[in-house]
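Working notes, structure below.
Scope of the values below: all heavy atoms of this structure, side chains included, with no hydrogens, waters or symmetry mates.
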Amino acid sequence: MAKLTFREEYCKGCGLCVNACPKDLLRLSNTRLNRKGHPPVEIAEPEKCIGCASCAIMCPDCVIRVEK
């Protein structure tokens, strides 16, 4: 199982990673904002992540780290 970690303080809520996930596991939070006022990315079901790293590759701000 892959492990995703997020540097939420750098997330600007662009959603590119959400669109890049082939399993539709990522979403922008609808309950939290980071200190810059953006909804950070979060993973809905981490156990289903296949570790493809499409989200990390797509992220322009290097917010996502994928460990296998």
Side-chain angles (χ1 to χ4, degrees):
M1 179 172 77
K3 178 184 176 190
L4 270 62
T5 53
F6 306 101
R7 295 173 35 193
E8 292 184 359
E9 66 273 9
Y10 296 106
C11 184
K12 59 186 175 193
C14 68
L16 292 174
C17 59
V18 174
N19 294 329
C21 180
K23 296 288 198 175
D24 293 322
L25 300 176
L26 298 179
R27 63 181 176 217
L28 296 178
S29 177
N30 58 5
T31 59
R32 298 180 299 114
L33 298 176
N34 63 18
R35 43 186 182 147
K36 293 183 179 179
H38 303 293
V41 64
E42 58 189 21
I43 186 163
E45 300 174 84
E47 67 280 356
K48 292 185 179 179
C49 179
I50 59 174
C52 69
S54 293
C55 56
I57 293 167
M58 185 58 71
C59 181
D61 297 310
C62 301
V63 169
I64 304 168
R65 180 176 179 191
V66 180
E67 298 175 53
K68 291 186 181 183

Measuring from I64:CD1 to C55:SG, what's the distance to the nearest 0.5 Å?
4.0 Å
Once rounded to the nearest 0.5 Å, what's the spacing between atom NE2 of H38 and atom SG of C14?
10.0 Å
Just checking R65: does its CZ atom have more than 12 heavy atoms from other residues, nucleotides or ligands closer to it than 6.0 angstrom?
no
G51 backbone acceptor or donor facing K68 side chain under 3.5 Å
yes
Flag yes if L16 and I43 sit in one hydrophobic cluster, no otherwise; membership is Ile, Leu, Val, Met, Phe, Trp, Tyr, and two members link when side-chain heavy atoms are under 4.5 Å apart.
no
Which heavy-atom pair separates V41 from E8 by the least distance, and what is that distance?
O-OE2, 4.3 Å
Minimum heavy-atom separation for M58 and A20, please, with both atom names.
CB-CB, 3.9 Å
Using atom types as modelled and distance alone, determine if a side-chain donor or acceptor of N34 lies under 3.5 Å from a backbone N or O of K36.
yes
So how far is it from F6 CZ to C17 SG, rounded to the nearest 0.5 Å?
7.0 Å
Search all heavy atoms of I50 against all heavy atoms of A2 and return the closest pair with its distance.
C-CB, 4.4 Å
Heavy-atom closest pair, residues G37 and L33
O-CD2, 3.7 Å
Side chain to side chain, L25 and L4, heavy atoms closer than 4.5 Å
no
Taking atom CZ of R32 and atom CD of E42, what is their separation to the nearest 0.5 Å?
5.5 Å
If I take atom CG from residue L28 and atom NZ from residue K12, how far apart are they, to the nearest 0.5 angstrom?
12.5 Å
